[in-house]
Amino acid sequence: MSPRSSTKTAVMAKLSISRDVKGCENFMDALLRSKEETPFACYKHLLDVYAESGEHEKAVKLFTMMQNSGRATSPTYTTMMNMWAKRGCFENCEQLFEGLLRTGPGPSVGNCNALLWMFVRKRDVGSAMKLMSRMESGNLPAPHAGCMSAMLTLYSTARNADKVKELSSKIVAREDCKEPEYHSVLRALCQLGLVDEAEKIMKVVEEEGKYLQPRLYLKLLNGYTNIRNREGVQNVIVRMKARGFGLSTSFYNGVLSAYFSMEDNDEAEKLWNDPRFEKDESSYKTILRHYIKQKKHRRACDIALEMKRRKVGGPLSMYPALVQAAAKEGLLDEARQLILEMRRADEKPTAELYSSVIESAAIRGYQETVRDLLHEMTEMGLEPVLGTHLAILSSCGTTGDLATLKRTFDHLRERGLHTNNLVVTKMLHALRRNGQDQWAVNLFSELVAEGLRPDAIVFEQLIPASVQLNDLKLVTDHVQMAVSAKVPLSIRAVKSSSEFAAANSDEDLLTTVLGNASAQVRKFVVGVCRMKAYSILAGRATAAEDRDRCQQEIVETYAWVMERLEHASERDAAYLMDVMPDEAEEIYGALKKPVGLEGRSGLVRALCRSDRLESMEKARELVLDAMSNRVYLALDVLNLFLRRSINVQGLNSDLAFSVFRELVEKKPSPFTSLILRHGGNVYVNCQGSASTHLVGLSLMYISRTYPVGSGAGEVFISMGVGNAVELVRALNEMKIEHTQTADCLVVSRRAVASWNNGHSSVKAPSSI
């Protein structure tokens, strides 16, 4: 090749590597116009850039031209085969190989390797083994280490540990085994948990030092992570640091991922805050991916906002997941901001993405936000999808807007979507939430007549509705309908119907329910349901023999359940605490540490069912400990604690005051309703200036969350107008000492006025 041709090829190669399609085309046009000989390699580079950039039609056209002019060689066939394999067009790939055998320049080992990797993508072990057999017998070019790596990947995907170990030994014994092959071997072994085998190979690489690269250590790190071997992870980290690989971004990213995979968020956060960690876009995507997977939605949103502040490459590919994460957490402002960022980056949000935010706003009762988002969708030309209508049904269920609920369902009926199981589930849930159980049951009967084939989630709403109607025949019919249709019962359906069967002393129905729980309803939960049901039966039994039989069933089932407690989820354990409140502390002590949100909520709920001051104080410590770590227990649990603390005779109201103070001072938005509900009770029961100031601050906080007067009015109504007037006076006296209460005073006066407007029979003194 002449120096001039070499220069042309080098320029084309550079453009091809950067995948600059336009640049390659312009350069080729210039070469063709110059009427000088165009090197074959330039055509090959243009074909490569077309294949890699998704310009498949142009690639096919160029390859056909090369075939017709006799310029198609084995490397060009390899390029086309890889392109078709990546697109999933496996038949095209095989046709090219067969054509190469018949009329082409003859197969090369590269062509065979391309076909092998196609079989890897198809997970076709049989065809790959036949091809390797032909190569090893001499009918085709002999396989190189890369071909064997392809087979190794295939065996690893098929989880064939024996074949992986056998082939790994053959690959590392070859003279042409280099760093890529070592990487493939370590990856395959570590994926199957064969870390000891991987260590043997890594020791050889370390001794030779020839192909020692950080990514080999990272594969070994992944292996130890997969088998949860913390000692092994630390050992690999030490070895990487000893060889100078401990300060690279790839090292930090690998270790970060390892900590997250072992659910060691504390170590991951320490590493994240290490000033030596030079974070790149991959670092942010790693931590985002894991927090989204762990459903730590708030933390994921914080990381996304940090990316924005530091102007790290925008994670557009992760924006949909981030929007959904923010929506699930109720961070509606953040979700809308992320959607805005997508639009600014010319990334059009989908109707499904909008629907997830609309549903979150609807569940929380933010109707204005729902209307704004629907308006945005219309402006962008996005047609409401099924998810949007489902969100509106949820919204109506939250707000009690039954008229809009019916209109939306009628619209779905016109579109033929009214018998969709998701639609029916949302509709039944909305009706049940508003006490319309009879309407829900009647609607279900109508829809069955119109062709509805209910699934488990429909029965999950239907059966509790029929239970609420206290109709044994109806409940039995609905359970039998599910059993006849071979639809397994969900946890909610099992819990409600088993307790109802026990309350009606119907052991036949109880047996049917417990015997038809879905696979998702763990045997542990079925055991707890059995205990709950038989405790009810024991209480209703009139004969001593029946009571003894039920008690024996409870004792045996409890022993069986406790044996399996360590493998149960915290949610299941919390249900067990609810069924056996006297044993709640024992159950809590048996849970795997650290105990999370579900376990703590279960114990607090159980403790609150006791009248003992000691139990309530333990509950308070659990609540405050969780809140000090920014972990907030379930809304119903905190509500129960505050109510019991204030209302149970003989309990010191300071129990409620300490928790209420934490809620007001930290202002977690999901608990605004608690502040509304209990503000008045705290003021009435907890005397003194601290209580007055605290309720004043809560009113001011509420005024920024709700329309002025509406939220604060609830507090005044809960405490009574006399106490409301007293509070306004107290706040008036404190406004010089506490400047924040000046705003609150205005809110308080308006709230009293609002209360007066709605209650004309009782007026607050006009002097306020």
**Q** Can you tell if the side chain of Cys24 reaches within under 4.5 Å of the side chain of His45, non-hydrogen atoms only?
**A** no

**Q** Would you find a donor on one side and an acceptor on the other, under 3.5 Å apart, between the side chain of Ser356 and the backbone of Leu353?
**A** yes

**Q** Walk me through it: do Val204 and Val172 pass the test side chain to side chain contact (heavy atoms under 4.5 Å, CB included)?
**A** CA-CA 10 Å; Val204 174; Val172 298; over 6 Å; no

**Q** Which pair of non-hydrogen atoms, one from Cys147 and one from Leu116, has the smallest distance, and what is that distance?
**A** CB-CD1, 3.6 Å

**Q** Got a donor-acceptor contact below 3.5 angstrom from the Thr157 side chain to the Thr153 backbone?
**A** yes

**Q** Ignoring hydrogens and geometry beyond distance, is a side-chain donor-acceptor pair present between Thr225 and Asn222 at under 3.5 Å?
**A** no

**Q** Kindly indicate, with the supporting measurements, whether the criterion side chain to side chain contact (heavy atoms under 4.5 Å, CB included) is fulfilled by Glu179 and Arg215.
**A** CA-CA 10 Å; Glu179 193 273 342; Arg215 70 175 191 154; 2.7 Å; yes

**Q** Return the minimal non-hydrogen interatomic distance between Leu220 and Cys190, and the atom names on each side.
**A** CA-SG, 3.9 Å

**Q** List the steps, then state whether side chain to side chain contact (heavy atoms under 4.5 Å, CB included) holds for Glu57 with Tyr50.
**A** CA-CA 9 Å; Glu57 291 183 6; Tyr50 281 154; over 6 Å; no

**Q** Hey, is Lys44 close enough to Asp48 for a salt bridge, meaning N to O under 4.0 Å?
**A** yes

**Q** Stepwise, does the salt bridge (charged side-chain N to carboxylate O under 4.0 Å, His left out) test hold for Glu207 with Lys200?
**A** CA-CA 11 Å; Glu207 289 172 5; Lys200 292 177 185 177; over 6 Å; no

**Q** For Pro349 versus Leu382, what's the shortest heavy-atom pair and its separation?
**A** O-CD1, 3.5 Å

**Q** Measure the shortest side-chain to side-chain distance between Met202 and Tyr217 over non-hydrogen atoms and say whether it is less than 4.5 angstrom.
**A** yes

**Q** For the backbone of Phe97 and the side chain of Asn111, can you confirm whether one donor and one acceptor N or O come within less than 3.5 Å of each other?
**A** no

**Q** Give a yes or no on whether the backbone of Ala145 and the side-chain of Asp176 come within a donor-acceptor separation of less than 3.5 Å.
**A** yes

**Q** Between Ser257 and Gly254, is there a donor-acceptor pair closer than 3.5 Å when you use the side chain of the first and the backbone of the second?
**A** no

**Q** Inspect the contact between Arg174 and Glu181 and indicate whether a charged nitrogen and a carboxylate oxygen are less than 4.0 angstrom apart.
**A** no

**Q** Looking at Glu166 and Lys170, is there a salt bridge between them, counting it only when a charged N and a carboxylate O are closer than 4.0 Å?
**A** yes

**Q** Taking the side chain as every heavy atom from C-beta outward, state whether Gln234 and Tyr224 have any pair of such atoms under 4.5 Å apart.
**A** no

**Q** Measure across Leu154 and Ala128 and return the closest heavy-atom pair with its distance rounded to 0.1 Å.
**A** CD2-CB, 3.4 Å

**Q** To check you understand the geometry: which heavy-atom pair defines the closest contact between Trp84 and Cys93, and what is its length?
**A** CB-N, 4.1 Å

**Q** Return yes if some donor-acceptor pair links the side-chain N/O of Asn26 with the main-chain N/O of Lys22 below 3.5 Å, else return no.
**A** yes

**Q** Where do Tyr77 and Phe63 land on the ring-ring contact (aromatic ring centres under 6.0 Å, His included) test, with the steps shown first?
**A** CA-CA 8 Å; Tyr77 273 87; Phe63 179 70; 5.2 Å; yes

**Q** Ser156 side chain to Leu152 main-chain N or O, any donor-acceptor pair under 3.5 Å?
**A** no

**Q** Would you give the length of the straight line joining atom CE of Met66 to atom CE of Met80, rounded to the nearest 0.5 angstrom?
**A** 10.0 Å

**Q** For the pair Arg415 and His389, evaluate side chain to side chain contact (heavy atoms under 4.5 Å, CB included) and give the outcome as yes or no after the intermediate values.
**A** CA-CA 12 Å; Arg415 295 178 57 186; His389 294 295; 3.0 Å; yes

**Q** Do side-chain atoms of Asn68 reach the backbone of Thr64 as a donor and acceptor pair under 3.5 angstrom?
**A** yes

